[in-house]
Amino acid sequence: MSEATLSSLLEYLYSTLTPSNMRWMAKQLSERAKLEEEVLKPYTMEEIEARIDQSERDFAEGNFYTHEEVLKMLDEELELTHEYVEAV
């Protein structure tokens, strides 16, 4: 990302976030930066096929979430996150 883009993003954040939200974001980003980057390893065809087989079994047994259930869970999670940010 270019320096101009980063500067523009920083100006946008300063103009839209409250000081407490900026502190929360800085803490989150700082903790995230300390984590070691995970080395990604591609799946083998056997692993992919095993996952597909398991998913098909789960679906046949009714072990899945509907579209509406997933949206409700996301709404609840985002609401909790928003409440936490506002509390900080």
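All values below were derived from every heavy atom in this structure, side-chain atoms included, with hydrogens, water molecules and symmetry-related copies excluded.
Using a 4.5 Å heavy-atom threshold, the side chains of Pro19 and Arg23 count as touching. Taking the side chain as every heavy atom from C-beta outward, Lys72 and Asp75 never approach each other to under 4.5 Å.
Grouping the Ile, Leu, Val, Met, Phe, Trp and Tyr side chains by contacts below 4.5 angstrom, directly or via other members, places Met25 with Leu9. Linking ILVMFWY residues whenever their side-chain heavy atoms come closer than 4.5 Å, directly or via other members, places Tyr43 and Ile52 in the same cluster. Tracing side-chain contacts under 4.5 Å through hydrophobic residues (I, L, V, M, F, W, Y), one reaches Tyr65 starting from Leu74; they form part of the same cluster. By the criterion of side-chain heavy atoms lying less than 4.5 angstrom apart, applied directly or through intervening Ile, Leu, Val, Met, Phe, Trp or Tyr residues, Leu13 is grouped together with Leu29 in one hydrophobic cluster.
For Ser30 (side chain) and Ala26 (main-chain N/O), no donor-acceptor pair under 3.5 Å exists by modelled atom type. Of the possible donor and acceptor atoms, one in the side chain of Glu47 sits under 3.5 Å from a partner among the backbone N and O of Thr44.
The salt bridge (charged side-chain N to carboxylate O under 4.0 Å, His left out) check on Glu31 picks up Lys27, with sequence neighbours excluded. Checked against ring-ring contact (aromatic ring centres under 6.0 Å, His included), Tyr12 has no partners two or more places apart in sequence or in another chain.
Heavy atoms only, all atoms of each residue included: Met22 and Leu17 are closest at SD-CD1, 3.5 Å. The two atoms that bring Phe64 and Glu69 nearest to each other are O-OE1, 4.0 Å, heavy atoms only.
Donor-acceptor pairing under 3.5 Å is lacking for the side chains of Gln54 and Arg51.
Atom CD1 of Ile48 sits about 12.0 Å away from atom CG of Asp53, to the nearest 0.5 Å.
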